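Step one of this worksheet: look at the structure below.
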Amino acid sequence: MKMLQMLSRYALVGAAAVTTLLACKKDKKDGGPNAEQNKYVNEWIYANMKEMYYWSANIPASPDYKQTPPAFFSALLKKPEDRYSWIQDNFEELLASLSGVSKESGLEYDLFLVGNQPSYLAGIVEYVKKGSPAAAAGIVRGDVFIEVNGQPVAYTGKQSEVNAFVDKLGANHTLGIRKVVKDSKGEDSLTAAKAVPLTVLELAENPVYLDSVYTIEGQKIGYFMYNFFAPDKGDESASYDNQVDAVFGRFKAAGVKHLVLDLRYNPGGDSRSTINLGSNIVKGLDPAKEFFHRDFNPTLQAALKAEYGESYFISKFTAEANNIGNNLTSFIILTSSGSASASELIINGLRPYMNVYLIGDTTEGKNLGSFTLYEENDPRNKWGMQPIVSRAFNSLNQSDYSNGFAPQEKYVETLNLGVLGDIREPLLNKALTKILGHAPARMAKTDAPGSRTIMRKVGTSRSFKAYSGLLTEQFPRK
């Protein structure tokens with residue numbers, strides 16, 4: 001399959017991980033014992049990697065074609081620079097996941113450790129997906145679980161232990177749900193576990209999670225939580241992007257002067273949605289202006305330029321009727337260590353045009369890109385791979401965020417998360433305090449949820465999502 005004859009996707013994948021443990025997606029099947037079949041798939045892997053891989057000059061000249069596809073693919077990667085390329089055995093599952101479709105009960109959670117010698121893996125619910133089995137079971141943000149199917153999962157630092165924990169949640173399971181409460185000394189503690197059975201099903205998550213307009217002391221403040229970048233659930237309807245446009249239509253009609261964009265749980269996604277969101281926010285919106293550009297390995301760069309011209313490398317803003325940029329007095333983005341790639345491109349791409357103030361934790365630092373490669377009509381090869389092929393820059397040719405974007409105001413979430421959208425929720429409250437110059441008057445200081453318990457974080461469930469760290473876009477069809 002020649003690169004210029006395929007339909008594929010482009011993705012931003014970063015060079016710095018939230019945690020080394022969860023830096024790479026889990027490999028699925030090992031390709032089986034069939035040496036001839038392995039060789040067939042591996043030859044396809046090698047041909048495409050030589051043509052498209054960002055570090056193609058570093059690919060070994062004589063690899064061992066007898067290896068399983070995951071092992072063969074891994075042997076081609078440039079280490080330690082590349083910790084994000086991956087391969088899996090079913091490209092259709094990969095493509096579905098890129099649109100937010102996955103088999104689950106509807107929880108996103110942070111992984112952290114409880115106990116010492118031994119330590120056990122625990123999850124704290126970041127948010128619950130609407131219409132999911134978890135929502136129907138009454139699980140809410142801030143709930144903690146240690147026992148899965150009645151048993152805790154010990155942790156000694158091995159990836160396999162994390163995989164085992166995550167795998168248990170990929171089938172019907174029971175969680176031991178605990179609440180975070182204050183003890184008699186005012187310290188955080190957990191209630192006894194309550195067994196909650198959960199079924200898993202194929203969910204199509206809507207990334208447009210929450211939006212509100214607050215009127216505080218005469219200030220119109222828009223709040224938008226957006227949890228990954230996807231135009232639709234893979235049906236080419238642009239339904240999610242249309243909902244984003246509608247959010248900004250409500251902001252514009254309400255006269256919003258301050259925007260709080262919540263990307264703390266957003267690990268990336270589709271470039272069409274990235275451009276759509278950025279175009280609704282940017283000051284001085286002009287579809288002739290560059291949002292971002294990228295480069296490839298020299299051979300691929302030359303081939304793309306010859307085929308599509310210099311404009312192929314440049315992504316520009318789009319005309320958006322609900323753009324509120326010129327009305328904004330302030331623009332704040334809420335971040336975490338899991339805010340990655342497309343989320344970081346919003347930051348990097350908008351900074352040449354407006355002030356972007358960050359509150360939260362340092363972002364992940366993903367400024368490299370990849371294509372999703374697969375053979376659509378080959379019964380012998382159902383594999384899909386996501387090799388790094390490019391690097392992204394803003395209109396000022398800046399791409400210096402491989403260590404992430406440090407916030408102007410640092411805050412790391414603790415065990416007491418608060419309610420999303422509530423002005424007492426710690427991160428939103430900090431944004432409102434920045435906008436107003438003081439904490440909102442209708443909230444007493446003692447009302448703000450707080451915690452002195454710092455979690456020993458291992459990672460997040462979002463690290464296992466196919467769209468994690470991606471900025472995908474359609475590749476031109478020949």
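These figures come from a predicted structure and were not determined experimentally.
Across every non-hydrogen atom of I346 and T274, the tightest pair is CD1-O, 3.6 Å. For the pair A122 and V114, the tightest heavy-atom approach, listed with the atom from each and the gap, is CB-CG1, 4.0 Å.
Between I281 and L350, the closest side-chain pair of non-hydrogen atoms falls below 4.5 Å. The side-chain heavy atoms of E425 and E413, taken from C-beta on, include a pair separated by under 4.5 Å. Between S343 and T363, every side-chain heavy-atom pair lies at or beyond the 4.5 Å cut-off. Residues L417 and V125 are not in side-chain contact: their nearest non-hydrogen atoms beyond the backbone lie 4.5 Å or more apart. By the 4.5 Å heavy-atom criterion applied to side chains, I388 and F371 are not counted as neighbours. Residues I347 and L358 are in side-chain contact: their nearest non-hydrogen atoms beyond the backbone lie under 4.5 Å apart. Put simply, the side chain of S132 does not reach to within 4.5 Å of the side chain of E104, judged on heavy atoms. L277 has its side chain within reach of L261: a pair of non-hydrogen atoms, C-beta onward, lies under 4.5 Å apart.
The OG atom of S56 sits 11.5 Å away from atom CG of L76, with the distance rounded to the nearest 0.5 Å. In this structure, the separation between CG on L107 and NZ on K129 is 8.5 Å, given to the nearest 0.5 Å. Of the inter-residue distances, the one linking L420 atom CG with Y265 atom OH reads 6.0 Å to the nearest 0.5 angstrom. Taking CG of D211 as the start and CD of Q243 as the end, the distance is 10.0 Å to the nearest 0.5 Å. The CG atom of N367 sits 5.5 Å away from the OG atom of S402 when rounded to the nearest 0.5 Å. Within the model, atoms CG of L415 and NZ of K179 stand 13.5 Å from one another, a figure rounded to the nearest 0.5 Å.
D143 and R178 are not joined by a salt bridge, as no carboxylate oxygen comes within less than 4.0 angstrom of a charged side-chain nitrogen. With respect to the salt-bridge test (charged N to carboxylate O, under 4.0 angstrom), the residues E81 and K78 qualify. Between R264 and E126, no side-chain nitrogen of the basic residue sits less than 4.0 Å from a carboxylate oxygen of the acidic one, so the salt-bridge criterion is not met. For D64 and K66, the salt-bridge test fails: no basic side-chain N is under 4.0 Å from an acidic carboxylate O. The pair K103-E202 fails the salt-bridge criterion, with no side-chain N (NZ, NE, NH1 or NH2) lying under 4.0 Å from an Asp/Glu carboxylate O.
In this structure, F405 and Y401 have parallel ring planes: the angle between them is below the 30° cut-off, well short of the 60° mark. The aromatic rings of F224 and F251 sit perpendicular to each other, their planes meeting at more than 60°, with 30° as the lower class boundary.
A donor atom on one side chain and an acceptor atom on the other are found under 3.5 Å apart for E375 and W44. In this model, no donor atom of one side chain and acceptor atom of the other lie less than 3.5 Å apart for Y240 and N206. Between the side chains of N266 and S339, not a single donor N or O lies within less than 3.5 Å of an accepting N or O. With 3.5 Å as the limit, one finds no donor-acceptor pair spanning the side chains of Y54 and D82. With hydrogens and angles left out, the side-chain atoms of T68 and N38 include no donor and acceptor closer than 3.5 Å.
The 12-atom threshold is not exceeded at NZ of K316, counting heavy atoms of other residues, nucleotides or ligands nearer than 6.0 Å. Around the NZ atom of K130, the shell of radius 6.0 Å holds more than 12 heavy atoms that belong to other residues, nucleotides or ligands.
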>> Determine whether R380 and D378 satisfy the following criterion, salt bridge (charged side-chain N to carboxylate O under 4.0 Å, His left out), listing intermediate values before the conclusion.
In response: CA-CA 5 Å; R380 293 187 62 186; D378 185 351; 5.8 Å; no
>> Using the rule given for side-chain contact (heavy atoms from CB on, under 4.5 Å), can you reason through Y53 versus L77, listing the C-alpha separation, both sets of side-chain angles and the distance that settles it, and then say yes or no?
In response: CA-CA 9 Å; Y53 191 47; L77 303 183; 3.7 Å; yes
>> Between R272 and D241, does the salt bridge (charged side-chain N to carboxylate O under 4.0 Å, His left out) criterion hold? Intermediate values first, please.
In response: CA-CA 9 Å; R272 292 168 294 178; D241 278 354; over 6 Å; no
>> If you apply the rule side-chain contact (heavy atoms from CB on, under 4.5 Å), what do you find for I87 with Q386, and how did you get there?
In response: CA-CA 6 Å; I87 188 169; Q386 198 82 33; over 6 Å; no
> Can R391 and D295 be said to form a salt bridge (charged side-chain N to carboxylate O under 4.0 Å, His left out), step by step?
Replying inline: CA-CA 6 Å; R391 183 176 177 182; D295 67 4; over 6 Å; no
> Could you walk me through whether T414 and N416 pass the side chain to side chain donor-acceptor pair (under 3.5 Å) check?
Replying inline: CA-CA 5 Å; T414 62; N416 202 320; over 6 Å; no
>> Go through it in stages, so that I can follow the logic: the residues are Y223 and D262, the test is side chain to side chain donor-acceptor pair (under 3.5 Å), and I'd like the CA-CA distance, side-chain angles, deciding distance and then a yes or no.
In response: CA-CA 7 Å; Y223 169 74; D262 195 339; 2.6 Å; yes
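A distance of 6.0 Å or more separates the ring centres of F165 and Y155. Between Y209 and Y226, the gap from one ring centroid to the other reaches at least 6.0 Å. Between H293 and F393, the ring centre distance stays below 6.0 Å.
Of the residues T318, N323, D245, the one that meets the side-chain hydrogen bond (donor to acceptor under 3.5 Å, both in side chains) test with N280 is D245.
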